[in-house]
J.: 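Handing you a structure now.
Hydrogens, waters and symmetry mates play no part in the numbers below; they use all other heavy atoms, side chains included. These numbers were taken from a predicted model, which means no experiment stands behind them.
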Amino acid sequence: MEKNYNHKNVEEKIYKMWEDGGYFRPEICEEKRKELNLSVNKETFCVLMPPPNANAPLHCGHATYSIQDLMTRYKRMQGYRTLYVPGTDHAGFETQVVYERQLKKQNKSRFDFDSKTLFNDILSFVKENSTLAINQLKKLGMSSDWTRSTFMLSDQVLSTVYNTFEKMHKDGLIYRDVYLVNYSPYHGTTFSNLETIHIEATSPLYFVKYQIKNSNDYISVATVRPETIYGDVAIAVNPKDKRYTEYVGKVVTNPLNGREMKIIADDYVDLEFGTGALKITPGHDFNDYEIGRKHNLELISVIDLEGKMTQDAKDVAGMNIKSAREKSVEILRNKNALEKIDEKYTNNILVDYKDNKPIEPLLMPNWFVKMDKLALNALQAVKKDRVKFNLPVWKKEMISWLSNIRDWPISRQIVFGIRIPVWYNVDECGSSHIVFLDKNKNRIEGLGKNLLDKYSLEEIGQGLQKIIAGVDTKYLISKTRPGERFLQETDTFDTWFSSGQWPLTTLKYPDGEDFKKFFPTSFMDSMWDILFFWIARMIIFSLYLTKEIPFKQVFIHGRVDDEKGQKMSKSRGNVIDPITYVDKYGADALRMGLLVGGNPAAKTTSFSEDKVRGYRNFANKIWNIARFIEMSESDAQFDKNKLDYADDKQIIDDMEKLIKEVNTKLNKFKFNLAGDTIYHFIWHNLADKYLESIKKREDKKSAMTVLGYVFKNCIKLLHPFMPFVTEEIWQNLYKKDQKEPLIISSWPE
RNA sequence: GGGCUUGUAGCUCAGCUGGUUAGAGCGUUCGGUUUACAUCCGAAAGGUCCUUGGUUCGAGUCCAUGCAAGCCCACCA
C-alpha cells in the first residue's frame with residue numbers, strides 16, 4: 001500500500017469491479033450472499049433516483065444523491081434485496097429553452113420548424129449528451145442498477161402515460177375548458193401557478209373616469225393596465241362603501257369603447273385601496289375572472305397569444321401591449337377621462353420563474369385534471385402517515401397544499417414533451433386556429449376551414465406547428481392516428497404529468513416483475529423545492545392507479561449553498577461543480593462533505609472546499625491505519641473471551657457502543673450524526689489513543705488482532721459514506737479471509 | 001395578509017427524548033524529523049449558546065415575549 005491514499009488510482013477501478021461483478025443488481029447480490037452463507041433478508045428495499053436532466057452536467061444538488069446511495073448501501077449490506085433505480089428526464093421546458101438559445105445563435109427560432117422536426121432535433125441533441133449525467137453519477141459512486149435505467153421519453157413511459165390519460169378521461173377527471181391561464185407570450189406557453197412568481201415593479205397607476213349614464217357624475221377607478229379597459233365589463237364596489245351605495249345598480253359608460261357596464265357590489269373590493277372602485281376585466285385578471293363568474297359577466301379577450309391586442313381592442317388592435325397602453329392613455333387623456341396618474345406606484349407583477357418575463361393571464365382552451373378527489377386520497381394517506389416524512393414540517397406543508405389545491409392545467413404549448421394523445425377530425429374542427437409551414441417553409445396561419453380549401457391535409461400535417469381547437473371541438477383519444485382525416489393535438493403534457501408517474505414507469509407498471517417485487521418503494525429523497533411539483537403528484541398518481549402509496553418514507557434534504565451560506569447561482573458566480581472536487585479530493589471526500597460536513601436535512605446546508613479537504617484527510621487517515629495493520633503481525637483469530645488488557649476490553653466496548661449508536665442514528669436518518677460518530681471514533685479513539693497505546697506494548701500480536709477486528713467493523717460502518725476507500729482497504733487487508741467484496745459484506749448489528 | 005424556519009467559537013455549521021468540563025472543519029498561537037499518516041501528532045487561545053422572562057433540582061435544548069435574518073404561500077386593482 002502506498003504511503004498516501006490516492007483516489008485517482010482507486011475509484012474508477014473499484015467502480016468497474018462493482019459494476020462488472022453485478023453488485024448493483026439485487027438478483028446477483030442475493031445469489032452471491034447465499035453462496036457465501038451470508039444472511040438474505042426476504043424484504044426488498046427500493047430507492048428511485050430523481051431523474052436528472054439527460055443532457056446537462058450535474059450540479060451540487062445532485063451530489064445529495066449520496067443520501068440515496070448511502071441508504072442503498074446500508075440496506076444492501078443488511079441483506080435486503082436492494083434496488084436503486086436510475087433514469088434520466090427529458091426536462092421538456094428546460095431543454096427546449098436551452099435548445100432555443102442555441103438556435104438563436106444561428107439566427108433561427110422555433111418558428112422556423114414544424115413541430116415534428118423540431119422535436120426530433122431536440123431529441124438528438126439530448127441523446128448526444130445523455131451519457132454525461134450518467135457518467136458523472138458513476139463517478140460519485142452511485143450503486144444504482146444501470147441495466148434498469150429509464151429515459152422519460154421511452155416507449156414504456158409513453159405507454160403508461162397515455163394509458164393513465166385515457167383512464168382519467170374515462171373517469172371524468174380530464175376536461176377541456178377555456179380558462180384564464182398564465183400565458184407567457186415570450187415563451188409561447190402556459191405555466192402552472194407553481195411556475196410563476198411575483199416581482200416588484202414600478203408601474204404608473206392611472207385614475208380613469210367612468211361616466212355614469214344619465215348623470216354628470218362619474219366614478220374614478222385606479223388601474224395599472226389601461227389597455228385592458230377595452231375588456232372591462234363592470235365596475236365593482238364594496239357593498240359597505242357608503243360613498244358608492246347610491247350608484248350600485250346604475251350603469252356607466254366604458255371610456256374607450258362606449259360599452260354600457262353595470263356597477264355591481266362585491267365584498268372582494270378593498271375600501272381602502274385606490275378609489276374603492278374596481279374595474280372588472282374577467283378576460284385578463286384572475287380575481288376579476290372569479291368575480292365575473294360569480295356575477296355572470298361576459299368574458300372578453302383583448303390580448304391574443306402573441307401578446308398583441310385583438311380586434312375587440314378597436315383603436316389599438318394589433319399593437320403590442322406596451323404601445324397599446326401608451327395609446328390608450330393618450331385616448332383617455334383626449335377624452336378628458338384621465339383624472340390623474342401616480343407615477344411612483346409600486347406593485348407586484350406576475351412573471352415566469354425562468355426568465356422573469358411577464359405573464360399575461362389569457363383565456364385559452366386547455367386540458368385540465370380535476371384535482372379535488374385525487375387530492376383528497378393523497379391528503380388522507382399523508383394524514384394517516386401511510387407516507388412518512390423525515391421532518392414534521394414537510395407533512396404539514398403537504399397537508400396544507402393538498403387541502404387548497406386547484407385543478408391542474410396539464411397542457412403546455414411547447415414541442416419537446418409527450419404529445420397529448422388527442423386527435424381532431426379536420427372536418428369537424430373548421431373553427432380551429434392552425435399554424436403550419438407549407439412546402440416552401442412559409443408560415444401559414446388561419447382557421448381550419450379556410451386552410452383546407454387551399455392546402456392538402458398532408459401538407460398541413462407535415463408542416464404542422466400548432467392547433468388551437470375550440471373548447472367544444474370533438475376529439476378522439478388514441479395512441480395512434482385513428483384515421484386519414486385526423487390531426488393530433490400539438491400541446492404536450494406538463495413534464496410533471498409524466499414524472500409524477502415515475503415510480504410506476506420505472507418499475508414497469510402494471511405487469512412488470514419489478515413492479516410486483518419492489519412497489520411500493522421504500523425511500524424517496526428529494527429537495528423541498530419540488531415537494532408539490534413532484535412528491536405530491538407521485539403520491540396522487542400512485543393512489544389513483546394502484547391504491548397504493550408510491551413510497552413509505554420521504555426524506556427531504558436541503559438546498560446546498562456555498563461556504564457563506566449563499567444560494568449558488570450563475571449570476572453570483574459561486575456555483576461549485578461537484579466533479580471538480582471529485583477529481584481533486586475524491587468522491588468519498590465529496591460525499592462526506594455533504595453527508596457529514598453539514599446537516600443534509602436542514603433547509604439549507606453550506607458546502608465548501610475546506611470541508612471536502614478535511615474529509616480527504618480523513619480518507620488518508622484510515623488508509624494509514626490500514627497500512628499500520630498491514631505492516632504489523634497478528635497471530636490469532638479474534639476471540640472476545642481472550643482479552644487480557646484493559647485497553648483491549650475498553651476499545652471493544654466502545655466499538656460495540658459505536659455500532660449501536662450508528663445503527664440508531666441511521667434508522668432515524670441522522671446521517672450527519674452517524675457519520676460524525678464514526679469519524680470521531682476512528683480518528684480520536686481508535687487511532688490517537690488505542691493505536692498509540694499499543695505501540696508501547698511488548699506483545700503486540702494480540703493487540704493487532706484486536707485492532708484488526710475493530711478496524712474491520714469501522715470500515716463496514718463507513719462504507720455507505722465512503723464507499724471507494726473502504727472497499728480498497730478491504731481488498732488489501734481482508735481479502736484472504738473474506739471472499740465477498742465489502743459492498744455485499746454483512747453489516748455490523 | 002397567512003404560514004414556516006433559523007439565530008451556538010473569527011468563518012461555515014453539529015449538538016439525539018432537558019443531565020457532568022458545549023463539539024467539528026477551516027482559521028489563529030505555541031511545541032514536535034515518535035519507525036501508519038506533515039493530508040500528521042501534542043498543547044493553547046477563543047463562546048453572557050440573540051434579548052428578557054417563565055417551567056424545572058437542573059435549560060444551548062421546553063414555553064412565552066422582543067429583536068434580527070431568511071424562506072414558502074396568497075397577492076390590492
J.: Need the pair for B:C26. Rule: Watson-Crick or G-U wobble, both distances under 3.5 Å, any strand; none if unpaired.
T.: B:G10
J.: Could you tell me whether A:D385 and A:K395 have a side-chain N and a carboxylate O separated by less than 4.0 Å?
T.: yes
J.: Provide, to the nearest angstrom, the distance between the CZ atom belonging to A:F532 and the C1' atom belonging to B:A74.
T.: 13 Å
J.: Tell me whether the NZ or CZ atom of A:R697 lies within the 45° cone about the ring axis of A:Y645 and under 6.0 Å from its centre.
T.: yes
J.: Applying ring-ring contact (aromatic ring centres under 6.0 Å, His included) to A:F721 and A:Y679, what does each step give before you reach the verdict?
T.: CA-CA 11 Å; A:F721 296 86; A:Y679 177 96; over 10 Å; no
J.: Roughly how many Å apart are B:G58 and B:A22, using the C1' atom of each and rounding to a whole number?
T.: 16 Å
J.: Pick the P atom in B:C13 and in B:U55, then give their distance to the nearest Å.
T.: 34 Å
J.: Under a 3.5 Å cut-off for both contacts, is B:U20 paired Watson-Crick or G-U wobble with anything, and if yes, with which nucleotide?
T.: none
J.: Starting at CD of A:E195 and ending at P of B:A74, how long is that distance when rounded to a whole Å?
T.: 13 Å
J.: Check for a donor-acceptor pair, side chain of A:W528 on one end and backbone N or O of A:K603 on the other, with a separation under 3.5 Å.
T.: yes
J.: Quick one: A:L350 CG to B:C73 C1', roughly how many Å, whole number?
T.: 14 Å
J.: What's A:S608 touching, base or sugar-phosphate or nothing? Going by heavy atoms closer than 4.0 Å.
T.: nothing
J.: From the options B:C16, B:A77, B:A36, select the nucleotide whose nearest atom is closest to the side chain of A:I625.
T.: B:A36
J.: Between B:G15, B:C37, B:C26, which nucleotide has the shortest distance from any of its atoms to the side chain of A:L673?
T.: B:G15
J.: Using a cut-off of strictly less than 4.0 Å, decide whether A:Y268 has a side-chain nitrogen or oxygen near OP1 or OP2 of B:C76.
T.: yes
J.: Parallel, tilted or perpendicular: which describes the rings of A:F618 and A:W683, with under 30° parallel and over 60° perpendicular?
T.: parallel
J.: Look at all strands and tell whether A:K621 reaches a base, only sugar-phosphate, or nothing, counting heavy atoms closer than 4.0 Å.
T.: base
J.: Which residue lies toward the 5' end of RNA chain B, A:I199 or A:K396, if each is placed at its nearest nucleotide?
T.: A:K396
J.: Return the pairing partner of B:C75 with a 3.5 Å limit on both distances, Watson-Crick or G-U wobble; otherwise return none.
T.: none
J.: For the pair made of CZ in A:R613 and C1' in B:G25, what is the distance, rounded to whole Å?
T.: 10 Å
J.: Taking NZ, NE, NH1 and NH2 as the nitrogens, is one of them in A:K665 or A:E661 under 4.0 Å from a carboxylate oxygen of the other?
T.: yes
J.: Indicate whether OP1 or OP2 belonging to B:A38 is found under 4.0 Å from a side-chain N or O atom of A:K3.
T.: yes
J.: Taking B:G23 as the reference, what is the distance to B:G47 when you measure between their P atoms (whole Å, please)?
T.: 15 Å
J.: What nucleotide among B:C40, B:A14, B:A77 has an atom nearest to a side-chain atom of A:W683?
T.: B:C40
J.: Does A:D688 reach a base, just sugar-phosphate, or nothing at all? Heavy atoms under 4.0 Å.
T.: sugar-phosphate
J.: Work out how far the C1' atom of B:U17 is from that of B:U29, and round it to whole angstrom.
T.: 40 Å
J.: Identify the nucleotide, in any strand shown, that forms a Watson-Crick or G-U wobble pair with B:G47, with both distances under 3.5 Å; if there is none, say none.
T.: none
J.: Return no unless some side-chain N or O of A:W528 is found under 4.0 Å from OP1 or OP2 of B:U5.
T.: no
J.: When you check the phosphate oxygens OP1 and OP2 of B:C40, does a side-chain N or O of A:N620 lie under 4.0 Å from one of them?
T.: no
J.: Hey, does the side chain of A:N347 come within less than 4.0 Å of B:C76's phosphate (OP1/OP2), counting only N and O?
T.: no
J.: With a non-hydrogen cut-off below 4.0 angstrom, is A:N348 in contact with a base, only sugar-phosphate, or nothing?
T.: base
J.: Please work out if A:D562 contacts a base, only the sugar-phosphate, or nothing of the nucleic acid, heavy-atom cut-off 4.0 Å.
T.: nothing
J.: Counting heavy atoms from C-beta on, name the nucleotide in B:A74, B:C76, B:A36 closest to the side chain of A:L691.
T.: B:A36
J.: Heavy atoms from C-beta onward define the side chain here; which of B:A77, B:C37, B:C4 lies closest to that of A:K603?
T.: B:C4
J.: Classify the nucleic acid contact of A:N672 as base, sugar-phosphate or nothing, counting any heavy atom under 4.0 Å across all strands shown.
T.: sugar-phosphate
J.: Could you give the CG-to-P distance, from A:N599 to B:C16, as a whole number of Å?
T.: 11 Å
J.: Tell me what A:K668 touches on the nucleic acid: a base, only sugar-phosphate, or nothing, going by heavy atoms under 4.0 Å.
T.: sugar-phosphate
J.: Round to a whole Å and report the spacing from CD1 of A:I405 to C1' of B:C73.
T.: 14 Å
J.: Using a heavy-atom cut-off of 4.0 Å across all strands, would you classify A:Y679 as base, sugar-phosphate, or nothing?
T.: sugar-phosphate
J.: Separation of A:W401 atom CH2 from B:C4 atom C1', in whole Å?
T.: 18 Å
J.: Across the strands shown, which category fits A:A602 at heavy-atom distances under 4.0 angstrom: base, sugar-phosphate, nothing?
T.: sugar-phosphate
J.: Could you check A:K695 against A:K279 and say which one's nearest nucleotide on RNA chain B is further toward the 5' end?
T.: A:K695
J.: Looking only at atom C1', what distance separates B:G15 and B:C62, rounded to whole Å?
T.: 16 Å
J.: With a 4.0 Å cut-off on N to O distance, would you call A:K695 and A:E692 a salt bridge?
T.: yes
J.: When the P atoms of B:G27 and B:C40 are considered, how many whole Å apart are they?
T.: 10 Å
J.: Using purine N1 to pyrimidine N3 plus N6-O4 or O6-N4 for Watson-Crick, or N1-O2 and O6-N3 for G-U wobble, each under 3.5 Å, what pairs with B:G70?
T.: B:C4
J.: Side chain of A:R627 only, please: which of B:A36, B:A77, B:A14 is the nearest?
T.: B:A36
J.: By nearest atom, which of the nucleotides B:C4, B:A77, B:A24 is closest to the A:H680 side chain?
T.: B:A24
J.: Looking at B:A14, B:A36, B:A77, which one has an atom nearest to any side-chain atom of A:N624?
T.: B:A36
J.: Among B:A74, B:G15, B:A77, which is the nearest nucleotide to the side chain of A:N193?
T.: B:A74
J.: Hey, would you say the A:F555 and A:F671 ring centroids sit under 6.0 Å apart?
T.: yes
J.: Rounded off to whole Å, could you give me the CZ-to-P distance for the A:F607 and B:A24 pair?
T.: 21 Å
J.: What distance, rounded to whole Å, do you find between the two P atoms, one in B:C16 and one in B:C67?
T.: 28 Å
J.: Kindly determine whether A:Y5 and A:W623 satisfy ring-ring contact (aromatic ring centres under 6.0 Å, His included), including the steps that lead there.
T.: CA-CA 6 Å; A:Y5 173 63; A:W623 179 256; 5.2 Å; yes
J.: Does B:C40 have a Watson-Crick or wobble partner in any strand here, with both distances under 3.5 angstrom, and which is it?
T.: B:G32
J.: Is a donor-acceptor pair below 3.5 Å formed from side chain A:E692 to base B:A36, judging by atom type as modelled?
T.: yes
J.: What I want to find out is whether A:E227 reaches A:K327 closely enough, with some N-O distance under 4.0 Å, to be called a salt bridge.
T.: no
J.: Could you measure between the two C1' atoms, the one in B:U8 and the one in B:U61, and give it in whole Å?
T.: 11 Å
